Protein chains: 2
Amino acid sequence: MRVLVVEDETLLAEQVKNHLMQQQFSVDLSHDGSDGFFKISEYPYDLAIVDIGLPKLDGLSLIRKARQQDIKTPIILLTARGSWQEKVQGLDAGADDYLTKPFHMEELLARCNALIRRAAGQPDPTLSAGPVSLNSRTQQVWCHGAEVPLTAYEYKVLEYFMLNPTKVISKTELTEHIYDQDFDLDSNVIEVFVLRLRKKLDPDGELKPIETLRGRGYRFNLAVGA
Amino acid sequence: MRVLVVEDETLLAEQVKNHLMQQQFSVDLSHDGSDGFFKISEYPYDLAIVDIGLPKLDGLSLIRKARQQDIKTPIILLTARGSWQEKVQGLDAGADDYLTKPFHMEELLARCNALIRRAAGQPDPTLSAGPVSLNSRTQQVWCHGAEVPLTAYEYKVLEYFMLNPTKVISKTELTEHIYDQDFDLDSNVIEVFVLRLRKKLDPDGELKPIETLRGRGYRFNLAVGA
DNA sequence: GAAATGCCATGCGCGTGCTGGTTGTTGAAG
DNA sequence: CTTCAACAACCAGCACGCGCATGGCATTTC
């Protein structure tokens with residue numbers, strides 16, 4: 001999956017790039033609108049993330065020009081907080097989704113995946129792994145068919161696990177994906193949430209869905225799709 | 001007003017969706033004929049826009065099957081340029097209007113509005129969920145058969161809930177769909193409306209139609225169509 | 001002018017996220 | 001094999017803040 005990020009704030013652009021690369025995307029960066037337009041015309045990206053305020057050529061114009069050229073790459077528009085008109089203009093110009101800055105990286109990744117899924121014609125918001133299934137639209141979780149009520153953070157942790165099954169996930173990685181920024185490093189919140197998740201999902205200790213890898217992190221060990 | 005768009009060209013479908021949403025319609029998309037038929041049979045749409053060339057089940061067959069099942073949803077058929085016979089066949093199959101591609105978006109919107117207005121004298125477009133039912137034309141709401149008087153904003157909130165049953169809806173999402181421009185974010189209006197809705201719909205606290213998810217939003221939890 | 005509706009301000013209760021401490025487990029070194 | 005330190009699991013309690021509830025004010029409508 002190849003993604004183009006058109007963003008002039010270098011720091012933010014790099015952050016977005018890093019997170020996307022963690023999800024196995026190939027990422028190209030562009031720091032102004034005209035370069036972004038050139039790239040999106042040249043390459044068949046699977047997705048583009050475009051800031052609305054850009055040097056040389058603003059995001060809206062970029063999208064309009066691209067759509068005029070019949071470029072169908074799904075586009076997520078990044079807008080400033082609260083400017084509702086911009087969002088409408090963006091969708092009108094041909095963006096597929098928008099996100100207001102500042103945003104949670106999780107949110108962006110979720111929308112990226114949703115958009116890619118939508119483009120692939122698979123609008124299925126449910127993940128399942130073993131007896132556990134999760135619906136990201138309703139944020140409901142079931143285990144053996146029974147609904148398991150989770151709190152907001154418990155849900156976030158589980159969702160991240162199920163999006164990355166069998167992958168070794170360090171506590172810092174979890175933290176970074178669950179909190180926007182600024183978090184206390186010497187805290188055991190993650191451990192507590194993992195504990196509660198294990199209790200709620202697997203009260204009898206049969207499944208062992210979350211494996212501990214000492215000094216490295218956790219691994220979610222249920223066969224996806226089962 | 002709820003509209004179904006059955007169109008396999010994703011870009012066009014999204015454009016239509018965006019424009020309709022700007023006119024305060026709720027829009028569902030369907031990318032092939034059989035899915036479109038399923039949706040139009042399931043939900044009481046106020047209008048459907050159907051492309052004639054579709055995968056799995058073509059537009060004409062879709063319309064015929066729907067009409068055979070006594071589904072009266074007004075339908076606009078999208079045909080290719082110049083194929084005069086198709087238009088006749090379409091109207092013959094039960095379409096209410098047609099439009100040849102490519103078309104101006106304004107034209108489509110005008111015809112949508114005309115058709116909805118024309119259909120205003122037709123069977124009631126009611127949504128129902130559990131003991132609650134809602135007529136989007138007259139903006140009346142009933143619970144257990146008794147009419148529940150709602151104010152304008154209470155109605156808007158309920159309508160949005162009933163159009164998105166079981167979906168987690170954040171307060172900002174509600175705000176964006178209910179108000180035309182952006183709004184003071186640190187206001188508790190939404191909470192107040194939800195409170196009043198709960199009181200009016202469920203004074204005894206039996207149904208619990210609107211669930212609160214702390215830090216996340218609300219979820220409307222009544223089975224649609226029940 | 002009265003009634004209805006939308007919005008704001010305030011207080012309160014409680015769920016939830018987080019902290020601190022203790023117990024348990026692992027693995028490496030002696 | 002034993003020891004010990006480091007790490008994780010677990011527990012329980014605290015406090016912050018979210019959402020509920022209420023009353024009052026402003027604005028609109030008839």
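Every heavy atom of this structure was used, including side-chain atoms; hydrogens, water molecules and symmetry mates were not. Throughout, protein chains are lettered first and strands after them, A, B, ... in sequence-line order, and every chain is numbered starting at 1. From a predicted model like this one, the values you see are computed outputs, not experimental measurements.
For A:Glu211 and C:dT25, the CD to C1' distance is 15 Å, given to the nearest whole Å. In this structure, B:Phe193 places its CZ atom 17 Å from P of D:dG19, rounding to the nearest Å. Regarding B:Tyr155, its OH atom lies at a distance of 16 Å from the P atom of C:dT5, rounded to whole Å. Straight-line distance from the OH atom of A:Tyr179 to the P atom of C:dT16: 14 Å, rounded to whole Å. One interatomic measurement links the two molecules: CD1 of A:Ile178 to P of C:dT16, which rounds to 17 Å at whole-angstrom precision. Here the P atom of nucleotide D:dA21 and the CD1 atom of B:Ile190 are 16 Å apart, to the nearest Å. Atom pair B:Arg196:CZ and D:dG19:C1' shows a separation of 16 Å (rounding to whole Å applied).
Nearest to the side chain of A:Leu195, among D:dG19, D:dC11, C:dC7, sits D:dC11. Taking only side-chain atoms of B:Arg198, from C-beta outward, the nucleotide of C:dC8, C:dG17, D:dC20 with the closest atom is D:dC20. Checking C:dT25, C:dG17, D:dA21 against every side-chain atom of A:Arg214, the shortest atom distance belongs to C:dT25. Across C:dA9, C:dG6, D:dC10, the shortest atom-to-atom separation from the side chain of A:Asn188 is found for D:dC10.
A salt bridge does not link B:Arg216 to B:Glu211: none of the charged nitrogens lies less than 4.0 Å from a carboxylate oxygen.
With contacts defined as side-chain heavy-atom distances shorter than 4.5 Å, the pair A:Thr151/A:Lys200 qualifies.
Regarding contacts with the backbone of D:dG19, a side-chain N or O of B:Lys171 is found under 4.0 angstrom from either OP1 or OP2. Phosphate proximity of C:dA4 to B:Thr151: absent, as no side-chain N or O sits under 4.0 Å from OP1 or OP2. Within the structure, a side-chain polar atom (N or O) of A:Lys199 is placed less than 4.0 Å from OP1 or OP2 of D:dC11. Remark: B:Ser187 is not in phosphate contact with C:dC7, judged by side-chain N or O atoms under 4.0 Å from OP1 or OP2. Taking only side-chain nitrogens and oxygens, A:Tyr218 comes nearer than 4.0 Å to OP1 or OP2 of D:dA9.
For the pair A:Leu150 and A:Val192, nearest-nucleotide mapping onto DNA chain C gives the more 5' position to A:Leu150. Of the two residues near DNA chain C, A:Tyr153 and A:Glu191, the one whose nearest nucleotide lies more 5' is A:Tyr153.
For the pair A:Lys101 and A:Phe103, the NZ or CZ position fails the cation-pi test of under 6.0 Å to the six-membered ring centre and within 45 degrees of the ring normal.
A:Lys167 NZ: more than 12 foreign heavy atoms inside a 6.0 Å radius.
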Where do B:Lys208 and B:Asp202 land on the salt bridge (charged side-chain N to carboxylate O under 4.0 Å, His left out) test, with the steps shown first?
-> CA-CA 7 Å; B:Lys208 311 266 185 195; B:Asp202 187 31; over 6 Å; no
